[in-house]
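Computation of the quantities below employed the complete heavy-atom set of this structure, encompassing side-chain atoms and omitting hydrogens, waters and symmetry-equivalent molecules.
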Amino acid sequence: MIALGQRYSYEEICLSLRTLADCYGEFSLCRRAGESQDGRPVFLYRLGFGRKSLVVSAGIHGREGVNPVLLLRMIEDYSQAFRFRRKISGRDVSGLLKAYSILFIPLVNPDGYEIARSGFSAVANPFYRRMARGQQISHEEWKYNARCVDINRNFPCRSYVQRRLWEYPGSEPETQTMMRVFRDYDTIGYLDFHSRGKVLYYYRGAMSRTYNQRCRRYARKLQALCGYSLGRPGQELAYGKQGGNSVQYYSERTGNPAITVETLSESASFPAEIWGQEEAYREVRALPLAFLEALSA
């Protein structure tokens, strides 16, 4: 049902999530976790029976439109494997999802996604629409939400740096949605999908050496599957321009492992070519399962 190699609108993503929940309702649930600045629902899809959960998100940056579709396809493939007791990359999907759950949030920033896909007319609020157009950034390169805030720099962690006069730590409803998910569920780890570089970032400058060594071991297991490089510690220090992101917040608040997965090549442009979806999916298809397996070892 979820075809790779095509573009999906926000409405098509929502419809796909509801359809998947209807098809696999005996072990999955789709619910509204929050909403965007411009009033679009942000959906969470829970797959599995376990109380302890792995969070998997994508689409925090609007222009990174490939990964939400990859997560939709993951949900479908994992659900089929669960129902028919099939393995994915040698991993026992049924066994893992009876012991744990995966909380998929395929599109954290639906406003930014729709701006990048179709232009600033996608913003319903006229004030936000004028504000976005006034930033002098092409809609294809749009990373932000409808209020021009970078969600992945808005989390209230030690590295937060204010970038807009009208924002503060955790000011945006999309940020607050993720914070509620981290708070309300018993989670054991977090994978956040972004697009550029084929890199796995595991290092958190605000965390201890022991924590980072542990995360590096998990990242090496994922690397063996996808072939991506490991980010160097200096590339993702908790201080500086990369601060205030979701993985830093999650690691500081929970002490659990958090890894950023950057799909697509460093030379990828935005909007990303749709032919790259299939290659990226082959590379990352089993990463949440491998992470769950490593966390449970």
Taking atom CZ of R73 and atom OG of S16, what is their separation to the nearest 0.5 Å? 12.0 Å

Using a strict threshold of under 4.0 Å (side-chain N to carboxylate O), is an ion pair present between D22 and R18? no

Are side-chain N/O atoms of R46 and S101 paired as donor and acceptor at under 3.5 Å? yes

Between E279 and K198, is the closest basic N to carboxylate O distance under 4.0 Å? yes

When you measure from the side chain of N67 to the backbone of H194, do you find a donor-acceptor pair of N or O atoms at a distance under 3.5 Å? yes

Quick one: do Y218 and F291 satisfy side chain to side chain contact (heavy atoms under 4.5 Å, CB included)? Show the steps, please. CA-CA 7 Å; Y218 294 137; F291 198 25; 3.8 Å; yes

Note: E64-R196 ion pair, threshold 4.0 Å (strictly below): no

Are E12 and R7 packed together at the side-chain level, in the sense that at least one heavy-atom pair is separated by less than 4.5 angstrom? no

Looking only at side chains, do E283 and Y228 share a donor and an acceptor under 3.5 Å apart? yes

Does the pair R40/E114 count as a salt bridge with the N-to-O cut at 4.0 Å? no

Transitive ILVMFWY side-chain link L191 to Y211, under 4.5 Å: no

Does either side chain, that of E167 or that of Q162, offer a donor lying less than 3.5 Å from an acceptor on the other one? no

Are any side-chain N or O atoms of R153 and backbone N or O atoms of R163, one a donor and one an acceptor, separated by less than 3.5 Å? no

Backbone of A124 reached by a side-chain donor or acceptor of D38 within 3.5 Å: yes

Report yes or no: do F84 and M1 belong to one cluster of Ile/Leu/Val/Met/Phe/Trp/Tyr joined by side chain heavy-atom distances under 4.5 Å? no

Please check if L225 and F193 belong to a single hydrophobic cluster, counting links between Ile, Leu, Val, Met, Phe, Trp and Tyr side chain heavy atoms closer than 4.5 Å. yes

Testing the 3.5 Å rule here: is there a donor-acceptor pair between the side chains of Y190 and S57? yes

Pairwise side-chain contact, E140 with R63, heavy-atom cut-off 4.5 Å (strictly under): no

Which of D77, T19, L72 passes side-chain contact (heavy atoms from CB on, under 4.5 Å) with I2? It is L72

Between S267 and S265, a side-chain donor and acceptor under 3.5 Å: yes

Carefully, step by step, assess K143 and I60 under the rule side chain to side chain contact (heavy atoms under 4.5 Å, CB included). CA-CA 8 Å; K143 296 196 303 183; I60 285 182; over 6 Å; no

Closest approach of S79 and F27, non-hydrogen atoms and distance? O-CZ, 3.5 Å

Just checking Y113 against Y10, ring centres under 6.0 Å apart? no

Electrostatic pair R147:E172 at N-O distance under 4.0 angstrom: yes

Derivation and outcome, side-chain hydrogen bond (donor to acceptor under 3.5 Å, both in side chains), residues S36 and N109: CA-CA 7 Å; S36 70; N109 179 11; over 6 Å; no

Look at the side chain of R32 and the backbone N and O of F43, then say whether any donor-acceptor pair between them is shorter than 3.5 Å. no

Fit a plane to each ring of F155 and F182, take the angle between them on a 0 to 90° scale, and name the class: parallel (under 30°), tilted (30 to 60°) or perpendicular (over 60°). tilted

Considering only heavy atoms from C-beta outward, does the side chain of Q37 approach that of Y128 to under 4.5 Å? yes

Of the non-hydrogen atoms in I151 and N145, which two are nearest, and what is the gap between them? CD1-ND2, 3.7 Å

Can you tell if the side chain of Y281 reaches within under 4.5 Å of the side chain of V69, non-hydrogen atoms only? no

Would you say the ring centers of W142 and F120 fall short of 6.0 Å from each other? yes

So, S53 versus D186: side-chain donor-acceptor pair below 3.5 Å or not? no

Looking only at atom types and distance, does a side-chain atom of Y185 sit under 3.5 Å from a main-chain N or O of R180, one as donor and one as acceptor? no

Find the distance between CG (D192) and NE2 (H61) and round it off to the nearest 0.5 Å. 9.0 Å

Check whether any side-chain heavy atom of I259 lies under 4.5 Å from a side-chain heavy atom of L222, and answer yes or no. yes

Going through the checks in order, is the salt bridge (charged side-chain N to carboxylate O under 4.0 Å, His left out) test met by K221 and E293? CA-CA 10 Å; K221 291 181 183 296; E293 192 175 70; over 6 Å; no

